Structures are given as structure tokens and as C-alpha cells.
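Below is one structure; the comments refer to it alone.
Everything numeric here is computed off the predicted structure, so don't read it as measured data. We count ligands from 1, going down the list as the structure has it; atoms in each ligand are counted the same way.
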Amino acid sequence: MPVDRARLGTLITRERAAYAVAHPMSAELFRAADHLFGRVPMTWMAKWSGGFPLYLDRAAGNRIVDVDGLEYVDFALGDTGAMAGHSPQPVVAAVATRLGQLGGITTMLPTADAEWVGAELRRRFGLPLWSFTLTATDANRWAIRLARLATGRPKILTFAYCYHGSVDEAFAIPGPDGDAVARAGNAGAPVPLHMTTRVAEFNDLGSVEAQLAHGDVAAILTEPALTNIGIVLPEPGFMAGLRDLKRRYGALLIIDETHTFSAGPGGATQLCSLQPDILVIGKSIGGGIPSGAYGITNDVAGMVGAHPEADLIDVGGVGGTLAGNALSVAAMRATLEDVLTDAAFAHMVDVATLFTRGVQEAIDRAGLSWSVSQLGARSEYRFASPAPRDGTSSAAAGDEVLEEFLHLFLANRSVLITPFHNMALMCPVTTRDDVQLHSRLFGEALDELVGTGSV
Ligand SMILES: Cc1ncc(COP(=O)(O)O)c(C=O)c1O
């Protein structure tokens with residue numbers, strides 16, 4: 001059943017008004033932010049529905065309290081940065097020890113925690129050698145440089161509507177002749193995309209092979225499921241086919257697990273035995289403290305090592321002054337050792353399954369042609385059914401107006417989902433009651449949308 005746009009407009013007006021009345025302090029802080037570019041500390045923070053963002057007062061576990069004193073059940077979890085929950089106690093303790101007792105937040109000297117984290121990442125993801133960053137973007141950038149160095153090839157193959165951070169090569173979609181062109185909104189691209197990138201459609205091995213056949217691809221860079229254009233799950237055989245193709249055409253496979261870590265303790269890589277050459281992870285592994293990492297195989301290390309002229313320990317383009325600092329590494333150790341454990345994932349997947357079921361039941365009851373996809377602890381609905389199978393069709397199913405209504409309806413009733421599309425993430429302390437609250441509210445929102453509830 002299509003959504004009645006006039007009715008949607010009426011509902012949004014009502015929800016915006018309620019949002020403005022409930023958040024005078026947030027509105028005032030936003031109004032007064034004359035010295036911030038876009039009025040926010042980072043331009044994306046303008047993304048919140050309702051005309052201005054909620055200002056944070058405090059957060060713990062999966063609860064956020066805003067400056068107007070309102071408390072929320074948080075399914076946004078910092079768009080995955082807080083998948084471990086807000087300020088988990090083991091991370092707070094490890095960070096406090098490093099900050100307050102030991103000192104030495106950043107010294108350019110290694111600490112013993114780093115080897116522990118490297119060994120744990122090896123246990124979870126299978127790659128033997130690790131290096132640290134502060135963001136997933138940096139991990140991707142440095143991984144791309146190493147892939148180019150290792151293979152001597154210039155281009156990166158990405159998928160239409162992928163997102164890997166502010167990585168220049170990845171903002172590509174296929175143009176009319178199949179060559180890469182910039183996706184809409186790509187700001188200040190250094191060179192035209194076809195010079196750096198080959199682009200294919202997710203779940204379409206034919207399109208991948210056609211691009212690899214040019215013989216100039218250093219690496220395929222992909223998530224195991226697209227997660228930044230809704231969730232687009234891989235069809236059976238797609239990831240295995242990707243691995244066969246990259247071997248046949250002499251490219252490397254970089255798997256970005258930054259979001260798909262939600263699949264389990266070793267991400268989709270462990271769950272589906274993906275065997276990447278390079279693995280990238282960021283956001284959540286530091287429990288909220290800026291952290292990222294990339295892992296490489298011994299083969300890749302050997303290929304890189306064959307280039308002694310490449311400067312990897314100073315100004316050669318890989319590494320950063322604050323990366324691998326003692327604070328960040330201590331936070332990663334605490335997160336992996338005591339928070340995002342195997343047991344925590346089992347619980348998170350369990351409540352995400354309940355969440356997904358609640359969304360599906362509400363969609364069915366309302367008779368809407370929407371779909372919901374789950375990736376471990378992560379769940380997301382899309383305004384299309386069946387669920388889109390590639391980035392381009394998922395992009396076509398986007399509807400920012402509908403999203404604004406749903407996000408506002410939930411926020412006005414104490415539930416936050418991510419401001420970027422319709423993602424909800426579970427953390428170790430998310431409860432079944434939290435999920436049931438969302439299910440009830442989501443059902444009420446859809447009732448109003450299709451006219452079975454009162455406006
Ligand atoms: C798959 C993936 N990789 C990398 C990044 C970049 O992460 P960050 O912005 O923390 O560098 C993101 C951000 O959303 C992401 O979704």
C-alpha cells in the first residue's frame with residue numbers, strides 16, 4: 001500500500017511542533033552556535049530530524065539524557081561507535097588508569113596492550129598482523145595504499161553506494177558506459193573517479209568480473225553486506241564468488257568490518273569464513289574512544305616487504321602521529337576483553353532478532369511494501385519489498401520525508417534510531433523491554449501512517 005503524502009505531511013507538522021516544544025534548551029544551543037560551521041561540531045550532526053539536533057547531557061549503557069532532561073532508549077549508538085554501549089565500565093576503568101594513574105595518553109611509544117589486541121583480533125578475524133589507526137576512514141586509506149604498493153596496480157574496485165568513510169576512491173557509481181562517476185554530493189573530489197576507481201553492483205559477479213578484466217585493480221574494497229544504503233545482504237555464493245574472482249584476476253580483497261562487526265565476535269569474516277587479504281575495522285572496537293585497525297595476511301606483508309623503497313615508518317603515506325596511542329589501545333583491549341565478548345554478542349543478536357520480528361509484524365499489519373534486514377545485532381527497514389539486492393536499487397528506495405516522520409515519532413516518545421536511514425543497533429545492555437517499546441511505538445507510527453490510527 002503506498003503512503004498518503006498529504007497525511008504524511010500533516011503528521012510531520014504535528015511531530016515537528018511536539019519536538020520543538022519538548023526541547024527548548026537544545027533549540028537555544030543550536031540557535032546560539034554562531035561559531036560552528038553548519039552550527040554543529042561536525043557537519044553530519046545537522047542530520048537530526050526536527051530542524052535542530054538534540055544536545056547531549058549524559059549517557060550510560062543504552063540510555064541518553066539530553067540537555068532538556070529527557071531520557072531516551074538509544075538504538076542509534078553513535079551510528080555504531082557506541083555498539084559496546086555508552087561508557088562501559090571496563091573501558092572507563094582502563095581509560096581512567098591510563099589517563100589518571102599511569103599517564104601518557106600519546107607518546108609515540110608502544111604499550112604491552114597492543115600485542116594483546118593484535119592477538120585477539122587474530123583470534124577473531126584470522127589475519128595474523130595488525131596495525132592501529134584512530135578511525136575506520138584512516139584504516140581504509142592506509143589499507144588502500146598498501147594494496148596499491150603490494151600489487152603495483154592503480155585502481156580500487158568498490159560497489160555502487162558503498163560507504164567506507166571519507167575515502168576518495170569510494171564515492172563512485174557506474175556511469176552510462178560502466179566507468180566510475182562520482183555519486184551525487186561528492187564534495188571536492190581530487191580527480192575524476194574513473195581515474196582511481198572501478199565500480200560494480202553488489203550481488204552481481206558479472207559486473208565485478210567485467211571490471212576486474214581490465215587488469216588494473218589492486219583491491220576490491222567491500223563490506224560483507226552493504227550497510228550504508230540500508231542493509232543489502234550478500235546473496236548465497238556472492239562473497240565466495242568475489243574471492244574466486246579476485247584470485248583469478250590478481251587483486252586483493254579488503255573487507256571493511258566497521259559496521260558488519262555486528263554479525264558476531266569475529267564479524268561476518270568469522271561467521272562466513274570470508275578470508276580477506278586485508279581487514280579494516282573501526283568505530284566500536286575502542287568502546288567509544290577513537291580507535292581503528294587493519295589486519296593483513298603474511299602474503300600481503302611479504303608483497304609489501306618486497307618494496308624496501310616504500311617508507312612505512314615516516315612520511316610514506318601510511319600511519320599517523322596519534323594512531324596506536326596508549327589510551328586508544330587500552331580502550332580496545334578493555335572493549336574486546338570484557339565488553340564485546342562472545343556472550344555479549346549472543347545476547348545482542350537475540351534482542352536484534354526480536355526487534356526485527358517486531359518491525360516485520362508491524363509492516364505486515366499495516367500492509368506496507370517495506371522490508372527489514374538483520375545483520376547480527378543490527379536491524380534496518382527499507383521502503384521496498386523484497387529487500388533491495390544492490391546499492392543502486394536500495395538508493396532508489398530511500399525516502400527522507402518518511403524517515404523524518406518515523407525518526408521524529410520515535411524521538412518524541414523516547415526512542416532514538418540512527419539519523420542515517422533506519423538503522424537500529426543493539427548493545428550488550430539492550431533489553432527485551434527496550435525492544436518491545438520500539439515495537440509498540442513503530443506499530444503506532446505505521447497505524448497513523450496508513451490511517452488506522454487517529455491523526
Ligand atoms: C563501513 C564503514 N567504513 C568506514 C567508515 C568510516 O568510519 P569513521 O567515520 O569512523 O572513519 C564508516 C562510517 O560510517 C563505515 O560505515
Side-chain angles (χ1 to χ4, degrees), residues 40-47 75-84 125 131-145 147 156-172 183 185-187 197 202 219-234 239 242 253-263 267-269 274 276 278-295 318-320 322-325 328 331-332 335 373 375-380 391 394-395 417-425:
V40 282
M42 191 275 291
T43 52
W44 297 4
M45 291 185 190
K47 178 80 179 171
F75 290 104
L77 295 173
D79 196 32
T80 309
M83 187 169 79
F125 295 104
S131 194
F132 300 114
T133 69
L134 291 184
T135 67
T137 297
D138 275 348
N140 276 316
R141 285 188 179 144
W142 302 347
I144 285 173
R145 277 189 174 254
I156 302 300
L157 189 151
T158 60
F159 290 101
Y161 293 97
C162 67
Y163 184 75
H164 296 281
S166 48
V167 172
D168 293 324
E169 291 84 350
F171 292 104
R183 61 187 283 181
N186 187 22
T197 306
F202 202 72
I220 301 170
L221 168 62
T222 188
E223 295 182 276
L226 300 182
T227 64
N228 287 289
I229 191 77
I231 294 176
V232 179
L233 294 170
M239 293 306 292
L242 217 50
L253 177 61
I254 307 174
I255 295 281
D256 182 348
E257 287 272 14
T258 300
H259 278 178
T260 52
F261 187 24
S262 66
T269 293
L274 297 184
I278 305 181
L279 186 141
V280 163
I281 186 162
K283 294 201 183 187
S284 63
I285 55 164
I289 298 291
S291 312
Y294 63 88
V318 173
L322 272 63
N325 72 68
S328 168
M332 283 191 269
T335 304
S373 300
L375 188 74
R378 191 180 197 87
S379 182
E380 178 153 359
S394 196
I417 64 170
T418 188
F420 305 97
H421 31 102
N422 304 306
M423 190 277 289
L425 186 63

Counting each atom of ligand 1 from 1 as listed, which ones have a heavy atom of [X] under 4.0 Å away?
X      : answer
His259 : 14 (O), 16 (O)
Thr135 : 11 (O)
Glu223 : 1 (C)

Requested in this report: Find the distance between CZ (Phe202) and CG (Leu233) and round it off to the nearest 0.5 Å.
Outcome: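 Answer rounded to 0.5 Å: 8.0 Å.
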Report task. Check step by step if side chain to side chain contact (heavy atoms under 4.5 Å, CB included) holds for Thr133 and Val280. Result -> CA-CA 10 Å; Thr133 69; Val280 163; over 6 Å; no
Query raised in the report: Just one of Thr258, Asp256, Asn228 clears the side chain to side chain donor-acceptor pair (under 3.5 Å) bar with His164, so which one?
Result: Asp256
Query raised in the report: Is any side-chain heavy atom of Leu226 less than 4.5 Å from a side-chain heavy atom of Ser394?
Result: no
Query raised in the report: Would you call Thr222 and Leu253 a side-chain contact if the rule is heavy atoms closer than 4.5 Å?
Result: yes
**Report entry** Asn140, portion touching ligand 1 at heavy-atom distance under 4.0 Å
**Finding:** side chain
Report task. May I ask you to identify, for Thr137, whether its side chain, its backbone, both or neither come under 4.0 Å of ligand 1 on a heavy-atom basis? Result ->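 The part of Thr137 near ligand 1 is both the backbone and the side chain.
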Report task. Mind checking side chain to side chain contact (heavy atoms under 4.5 Å, CB included) for Ser166 and listing every partner two or more places apart, or none if nothing turns up? Result ->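 Once residues adjacent in sequence are excluded, the partners of Ser166 under the side chain to side chain contact (heavy atoms under 4.5 Å, CB included) criterion are Thr137, Arg141.
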Report task. May I ask you to check whether Asn228 has an N/O atom sitting below 3.5 Å from an N/O atom of ligand 1? Result -> yes
Can you report which non-hydrogen protein atom sits closest to [atom], along with the distance?
atom                    : value
atom 3 (N) of ligand 1  : Asp256 OD2, 2.6 Å
atom 5 (C) of ligand 1  : Gly165 N, 3.5 Å
atom 10 (O) of ligand 1 : Lys283 CG, 3.8 Å
atom 7 (O) of ligand 1  : Ala136 CB, 3.4 Å

Requested in this report: Give the ring-plane orientation class for Phe261 versus Phe125, where under 30° counts as parallel, over 60° as perpendicular and anything between as tilted.
Outcome: tilted
